[in-house]
Amino acid sequence: MEPKNNSVVSEFILLGLTKSQNLQIFFFLGFSLVYIGIVLGNLLILITVAFDSHLHTPMYFLLANLSLIDMILGSFATPKMIVDFLREQKTISWWGCFSQMFFMHILGGSEMMLLVAMAIDRYVAICKPLHYMTIMNHRVLLGLILTSYAVGFVHSSSQMAFMLNLPFCGPNTVDSFFCDLPLVIKLACRDTYVLQLLVIADSGLLSLICFILLLFSYTIIIYSVRHRASGGSSKALSTLSAHITVVTLFFAPCVFIYVWPFSRYSVDKILSVFYTIFTPLLNPIIYTLRNQEVKAAIKKIRNQHINSKHNLNLRQRIIFLRFLRTYFLS
Ligand SMILES: *[C@@H]1O[C@H](CO)[C@@H](O)[C@H](O)[C@H]1NC(C)=O
């Protein structure tokens, strides 16, 4: 792109996660494994939910949608960061930088709302079990999911609309491993006070409100589970504790960074690893390793696969034997 008069910066320089040369190689290997884990783990959930009709319930549709978001969200910053570990000069074009911010905020916002939807689903399942299927019918479920994506899209577009005409003329170094919105805004050569307030109101409030909503709904759920000593309550509590772990890991860094986005601390770079890389990795681990239903479904799909391979071999062998017989006996 041709640099214009008032915006001479056409690319940004990322400082990456670390400056140490030895750590770069170590991180390259470590995060490559993590990224493979993100893709495989979330694919496993998507495939399991799609192919096992026992898992065609609102909770698992929500979980599959969360995995889809996690897989895409994990793919915006992580692969570039991994390649960058091996490069001396880590640059990103203006377009690359802005699309990174745009898509990461769409998916981040959608993920937050989806976690709220999952909490609503758990609330209905645990506190109104007899009406679960009528309340969480397909239209309500689809509505919740579409609302999540819509909120993410509106949230991100409303921020980006104000960023597109920011002039960049001065330093272009971003002290992170991806284009983090507050860091990029600080590089603009114009007073960005109003924009900063907008980002706090937009990203900060969204994460804070979702977080408070979640804490509130989980408190109600736990309260009602503990006052009802029924058989299913320990299973409910174990599902809940998985949800609460995910929610805390995802929201605590987001709230910390986006409620005070422009007074950066040195821990911010490390914290952003949590919501860009660790949450997408942890979701499948927490949900599959701790969930009997998912584990049983995975085992079943694997057995079916082995059986079909076995049958195929048998059939092939029979055809081969017939072939030999006709060939030699005729
Ligand atoms: C997301 O949820 C919708 C609504 O129930 C469902 O039809 C769809 O299969 C889910 N998406 C994925 C990727 O599982």
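Atom set for the values below is all heavy atoms of this structure, side chains included, hydrogens, waters and symmetry mates excluded. Quick caveat: nothing in here was measured; it's all calculated off a predicted structure. Numbering of ligands and ligand atoms starts at 1, following listing order. For reference, positions follow the sequence shown, starting with 1.
Note: no N/O pair closer than 3.5 Å links His138 and ligand 1 by distance alone.
Atom-to-atom distance recorded for Asp121:CG and Met136:CE is 4.0 Å, nearest 0.5 angstrom. Atom CD1 of Ile120 is separated from atom CG of Leu144 by 5.5 Å, given to the nearest 0.5 angstrom.
Residue-ligand proximity, Leu46 to ligand 1, at heavy-atom distances under 4.0 Å covers atoms 13 (C). Near Leu142, meaning under 4.0 Å from one of its heavy atoms, ligand 1 places the atoms 4 (C). Near Leu141, meaning under 4.0 Å from any of its heavy atoms, are these atoms of ligand 1: 5 (O). Counting atoms of ligand 1 from 1 in the listed order, those under 4.0 Å from a heavy atom of Ile145 are 1 (C), 2 (O), 3 (C), 4 (C). Of all atoms in ligand 1, numbered sequentially from 1 with element shown, those under 4.0 Å from a heavy atom of Ala64 are 12 (C), 14 (O).
The nearest protein atom to atom 11 (N) of ligand 1, hydrogens excluded, is given as Asn65 ND2, 3.2 Å; this is a heavy-atom distance. Distance from atom 6 (C) of ligand 1 to its nearest protein heavy atom, with residue and atom name: Phe61 CD2, 3.9 Å.
Closest of all the heavy-atom pairs between Leu281 and Val34 is CD1-O, 3.7 Å.
In Leu62, neither the side chain nor the backbone holds a heavy atom less than 4.0 Å from any atom of ligand 1.
For the residue pair Thr18 and Gln24, no side-chain donor N or O sits within less than 3.5 Å of a side-chain acceptor on the partner.
Separation of the Phe251 and Tyr275 ring centroids does not fall under the 6.0 Å cut-off.
Looking at Asp202, its side chain never comes within 3.5 Å of a backbone N or O of Leu198 through a donor-acceptor pair.
The closest side-chain heavy-atom distance from Phe178 to Phe76 is not below 4.5 Å.
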